[in-house]
Amino acid sequence: MPHVKNFSKQRLTRGGLGAVSGLLAAFAALAVAEVVAGVGRPQAGPVLAVGGAAIDRTPAAVKDWAIRSFGSDDKLVLQLGILLVLVALAVALGLLSLRHRSAGAIGVLLSGVVGAVAALTRPDTGGVPDVLPSLAGAAVGGLLLYVLTGRLALASGPAPDTAEAPGWDRRGFLTAAAAAAATSTAAGALGRGLASSDGKEAVASRAAVALPAPASPATPVPRGAALRIPGVSPFVTSNKSFYRVDTALVVPKVDADRWRLRIHGKSVVAPLDLTFRDLLRRELIERDITLTCVSNEVGGPYVGNARWIGVRLHDLLREAGVRPPSQGGPADQLVSRSVDGMTIGTPVEDAMDGRDAMLAVGMNGEPLPLEHGFPVRMVVPGLYGYVSACKWIQDIELTTFDAYDPYWVKRNWAREAPVKTQARIDTPKPFARPKAGTVNVAGVAWAQHRGIDRVEIQVDDGPWKDADLAAQAGPDTWRLWFWSWKAAPGPHTLTVRATDGAGRVQTADRARTVPDGASGRHSVVINVD
């Protein structure tokens with residue numbers, strides 16, 4: 001019968017519009033939440049709060065896989081994943097509301113509660129006000145879903161004296177949906193504008209920074225420290241190319257004029273409270289230092305060398321009255337805290353043993369880039385970043401390893417993590433097809449705070465051959481190397497190993513990154529034509 005077909009078609013249309021209702025409600029909820037978060041703290045927005053909570057609760061092995069697979073884009077992938085989940089949830093709640101309007105609206109409200117709890121339990125939580133964005137957005141979204149699905153309610157039966165299927169309020173639905181879409185778009189734009197304005201002061205304060213000349217400048221890079229071989233890494237990694245691995249979904253934007261650092265805790269005799277200008281007025285040192293991420297696989301890209309300028313950490317700790325454990329000091333751990341709530345634990349002994357540990361304010365001749373920790377970050381040569389390189393630092397507390405476990409230690413990473421001796425083949429690349437004859441094999445090796453004394457290459461199962469070393473700029477930087485190989489046609493495996501300044505040969509034993517860094521030897525398989 002025609003009216004039965006029309007009725008089925010109408011139900012299908014209503015189903016689609018129910019899904020649209022759910023999506024519009026979710027859009028409105030997020031837009032309103034962005035506005036409220038923009039007025040308060042952008043970090044309290046539901047996507048950032050839930051995303052941060054997801055990162056906090058993700059097993060170390062999964063995080064490690066995400067970094068290997070997506071690199072610095074891992075945060076973008078996470079945010080896209082959250083949005084996809086929200087889309088699926090919105091569609092489901094929209095369809096549910098066609099049958100049970102109140103249940104759908106309640107579902108939206110419960111989603112807001114999840115966002116509020118996530119915001120309230122983040123390490124950098126601003127307290128109770130941080131729940132407002134999620135709750136306000138959920139209230140608006142739930143109400144909108146209730147109203148829209150009400151416009152889709154079927155009449156109790158066909159119109160009198162007709163054979164048509166029951167109807168629904170088309171005009172009312174379309175009007176409400178259009179108004180909701182337009183209002184949500186405007187609110188979203190307003191929210192993004194408020195969030196971006198939050199960072200304008202930080203950008204302006206960075207632009208106004210003029211780094212003073214260091215009292216202790218870096219030793220000039222020796223001639224021959226870099227190699228003019230295509231494909232090999234430069235000695236200095238540009239700021240743009242320097243790796244970034246952290247848990248911040250959105251780069252913190254800190255106004256240097258408002259930034260303060262507190263040094264306090266166990267064994268601190270004279271607590272310090274410093275401004276950014278206070279640091280710039282102190283004696284600055286400039287050093288070339290290579291940083292390495294503990295998530296770097298053997299032969300991986302998460303290592304870079306830069307010229308840093310900052311205040312020697314040892315001097316600040318001494319001024320605060322801190323003594324290292326070797327001199328009877330009771331504190332053996334220095335816990336640094338970032339503005340985003342990250343905590344990083346560094347051995348006090350390593351921070352005060354004479355190495356060039358610093359609170360860095362500059363990188364490669366300019367103020368720290370925002371993504372690399374502006375206005376101030378910690379740099380401690382010889383340790384993996386997760387136990388030394390706190391970005392956006394705002395607090396240093398002296399404590400003990402027994403008394404406190406920082407962020408990564410709570411997630412089964414080692415308390416102490418000196419950088420392991422590693423070498424990497426930059427060229428030729430895996431599966432390359434060079435011509436037979438002389439082939440340049442080159443790359444980098446590092447063992448920060450110990451230096452590199454030797455690099456060797458093995459072809460297939462043959463003997464180890466000494467590579468030529470570029471000039472050594474210092475024990476805290478990587479060292480470039482190369483080897484001229486008389487390559488014969490056919491498939492070959494090239495393997496590299498390094499020996500550090502302490503005489504330790506890079507181990508062949510393979511280990512994954514958890515709990516204290518990868519080990520093993522880097523190999524590439526190529527085919528010589």
Side-chain angles (χ1 to χ4, degrees), residues 4-37 45-51 53-54 78-119 131-157 165-192:
V4 174
K5 292 182 179 179
N6 289 340
F7 187 71
S8 299
K9 182 178 179 181
Q10 194 173 63
R11 281 194 174 276
L12 183 63
T13 300
R14 284 181 66 249
L17 293 178
V20 170
S21 299
L23 292 173
L24 286 173
F27 183 28
L30 291 177
V32 170
E34 277 196 67
V35 172
V36 178
V47 173
L48 295 184
V50 172
L78 174 61
Q79 291 184 70
L80 290 175
I82 292 173
L83 290 176
L84 287 176
V85 170
L86 287 175
V87 166
L89 179 62
V91 169
L93 290 176
L95 295 175
L96 173 64
S97 292
L98 291 177
R99 291 181 174 273
H100 307 285
R101 290 172 66 197
S102 297
I106 291 173
V108 176
L109 292 174
L110 291 177
S111 300
V113 171
V114 171
V117 171
V131 308
L132 297 179
S134 293
L135 294 182
V140 171
L143 178 61
L144 178 60
L145 182 60
Y146 190 84
V147 169
L148 289 176
T149 51
R151 296 293 186 269
L152 294 174
L154 290 174
S156 59
W168 46 275
D169 185 2
R170 292 178 178 82
R171 183 184 298 274
F173 176 83
L174 294 175
T175 300
T183 304
S184 299
T185 300
L190 174 60
R192 287 189 294 274

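Quick note: residue numbers are just sequence positions, from 1.
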I need the [X] [atom1] to [Y] [atom2] distance, nearest 0.5 Å.
X	Y	atom1	atom2	answer
T175	L148	OG1	CG	11.0 Å
E34	L48	CD	CG	8.5 Å
L145	L23	CG	CG	10.5 Å
L190	T183	CG	OG1	12.0 Å
S102	Y146	OG	OH	4.5 Å

Ignoring hydrogens, what is the shortest heavy-atom contact between [X] and [Y]? Give both atom names and the distance.
X	Y	answer
L24	L144	O-CD2, 3.7 Å
F27	A181	CE2-O, 4.0 Å
A33	P133	CB-O, 3.3 Å
A49	A118	O-CB, 3.7 Å
T149	S97	CG2-CB, 3.4 Å

Listed partners of A116 passing side chain to side chain contact (heavy atoms under 4.5 Å, CB included), at least two apart: V131, S134, L135
Residues that L132 engages under side chain to side chain contact (heavy atoms under 4.5 Å, CB included), provided they are two or more places apart: V36
